[in-house]
2 protein chains.
Amino acid sequence: MSDPLEKDPQSELSPDITGTDGRTLADRVFARLQDDIVRGELLPGTKLGETELATRYGVSRGPLREAIRRLESRKLLERVPHVGTRVASLTLPDLVEIYHVREALEGMAARLAAQHMTDEEISGLVALLSQHEQQQDLKEDTAYFQREGDLDFHYRIIQGSHNDTLIQMLIGGLYHLVRMYRYQFSTVANRPQRALQEHRRIIEALEARDGEMAELLMRRHISRARENIERSTPPGENP
Amino acid sequence: MSDPLEKDPQSELSPDITGTDGRTLADRVFARLQDDIVRGELLPGTKLGETELATRYGVSRGPLREAIRRLESRKLLERVPHVGTRVASLTLPDLVEIYHVREALEGMAARLAAQHMTDEEISGLVALLSQHEQQQDLKEDTAYFQREGDLDFHYRIIQGSHNDTLIQMLIGGLYHLVRMYRYQFSTVANRPQRALQEHRRIIEALEARDGEMAELLMRRHISRARENIERSTPPGENP
DNA sequence: TTCAAGCGGATTGTTGACAATAATGCTTCA
DNA sequence: TGAAGCATTATTGTCAACAATCCGCTTGAA
């Protein structure tokens, strides 16, 4: 728990983080801290002392503060001047807000993806889907892969929009919050069969280059997920 | 040009910036620097030396760097490690991307506003509209007020969504870029009559609490503005 | 004349120390 | 016994100096 940062362990997921260095110290501590928050290493509400973090990551307080400022603008940290920073704790209404934004943004992403995705990207998406369907057949402990796989599906469509502003907002901004929530509450879609079917129809719309249909389906897909969240038991009352 | 920051002159617009202090130095220099960029005081592409800025604003490099990092994540500054930071220069494709995002986000904002706006907020919006119509009648040099007034209209609807995530993304993130572009190219809507009419219909939908209609109209409104931009002469070729 | 390699200057990245602010615990008085 | 006020203390905010990196220029040779 007190290892210097050096990006030691496996970093297979989170493509944001290029395992090696090559960037500045502040950038590395930013990536590392973000990862620790998202993966639940640092629990929401945790008070983060600057000197403590600085020694923990083996850097000075300068770069650390820059990283904190950036995480703060990504809503992963909450800071009060002269008091301190703590890990953002998402409430259920916050998550509902995020899903409204996702609905709008990813709907647009699907529309643009239908226009701008290359044929190779689409066929890659088809392959990913059949892979997910096989995992679903196996009915193994697919919770983890299902979770990340779902994210991966959405990732690819977002990238397929070829709109950098959109990509930044979604992947650089919102998805870390969603992932943090999922890790925190082990929230896995409890409607995997239906979700897969929705994914399949979205891909069909993409293959048909039907932007309006793709947007409509994606919005429905996310809207249902949101309703699912709204109906679910609030955090802490999970079985 | 070399006055200490102290927030000296008129700051009637940009409600983001509370003229007085009360926040930390880094926060103040962040706000001031952002304002200078948006208002075109610092032109796009300008190289920003840290020591130079530090002396200019009368602070040390520490707080300044924190402000720079935050502006960078808002896409107002572009930074290259070990090289330097410069004011972001928007290209036309960038602006088109932003308008796609605005279409999605403000469409959702209008939908939510129809549900969540208070009656007082709506009547305030009606008053604002009639005020704009009068200014339009006067046909004075309404370029400036038209510009800011349009922004104000959209501001209010965004706030009316009562979705903080959405508000942050739009007002805290995207609108500064839009304003920067408008100041830079003096881009005022060259279809004011039509835009006003579209505003009026949006408000009607809001009054009817028709979320779907409000979203549809808002999306059309922004989509048309985007098409207008796409057809327009690229920067530098303006008369 | 042109290209490449090496050097110098300037700028950014990082650090540790100093100052200021807010939370905490204790003392004291009603 | 409780509450208000004050001093202490730990933490954050800020600063100035040090180290590392990059850019441009000179210099030399092909």
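As the structure is a computational prediction, the values presented were derived from the model and not from experiment.
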Atom CZ of B:Arg65 and atom C1' of D:dC15 are separated, to the nearest Å, by 14 Å
Here the distance between atom C1' of C:dT12 and atom CD1 of B:Ile68, to the nearest Å, is 10 Å
Rounded to whole Å, CD of B:Glu50 lies from C1' of C:dT11 at a distance of 8 Å
>> Counting only side-chain nitrogens and oxygens, does A:Arg79 get under 4.0 Å of the OP1 or OP2 atom of D:dG13?
In response: yes
Regarding the side chain of A:Val83, the nearest nucleotide among C:dA23, C:dT14, D:dT12 is C:dA23
message = If you compare every side-chain N and O of A:Thr24 against the phosphate oxygens of C:dT14 (OP1, OP2), does one of them come in below 4.0 Å?
response = yes
In whole angstroms, the gap separating C1' of D:dT12 from CD of A:Glu66 amounts to 16 Å
Checking D:dC15, D:dT12, C:dT15 against the side chain of A:Leu25 (C-beta onward), the nearest is C:dT15
Side-chain atoms of B:Ser60 come closest, of D:dC15, D:dT14, C:dT12, to D:dC15
Regarding the side chain of A:Pro63, the nearest nucleotide among C:dG13, D:dT14, C:dT15 is C:dT15
Picking from D:dT12, C:dG16, C:dG13, the nucleotide nearest the side-chain atoms of B:Pro81 would be C:dG13
If you go through the side-chain atoms of A:Arg23, does one of them form a donor-acceptor pair with the base of C:dG13 closer than 3.5 Å? no
The reported gap from CG in A:Asn163 to CG in B:Asp94 (rounded to nearest 0.5 angstrom) is 9.5 Å
Check: If you look at every strand shown and take non-hydrogen atoms under 4.0 Å, does B:Gly62 touch a base, only sugar-phosphate, or nothing?
Finding: nothing
Between CZ of B:Arg86 and P of C:dT12 the distance, given in whole Å, is 11 Å
Here the distance between atom P of C:dG16 and atom CZ of B:Arg61, to the nearest Å, is 16 Å
Ranking D:dG13, D:dC15, C:dT14 by distance to the side chain of A:His82, first place goes to D:dG13
I'd like to know if B:Glu215 pairs up with A:Arg219 as an ion pair, taking the criterion as any Lys NZ or Arg NE/NH1/NH2 lying under 4.0 Å from an Asp or Glu carboxylate oxygen. yes
Parallel, tilted or perpendicular: which one describes the rings of B:His154 and B:His221, with boundaries at 30° and 60°? parallel
So does A:Glu72 pair up with A:Arg69, basic N to acidic O under 4.0 Å? yes
A:Leu48 CG to D:dT11 C1', in whole Å, measures 13 Å
Item to complete: Please determine if B:Lys75 and A:Asp164 form a salt bridge, counting it only when a charged side-chain N lies under 4.0 Å from a carboxylate O.
Response: no
Rounded to whole Å, the CD-P distance (B:Glu52 to C:dT12) equals 9 Å
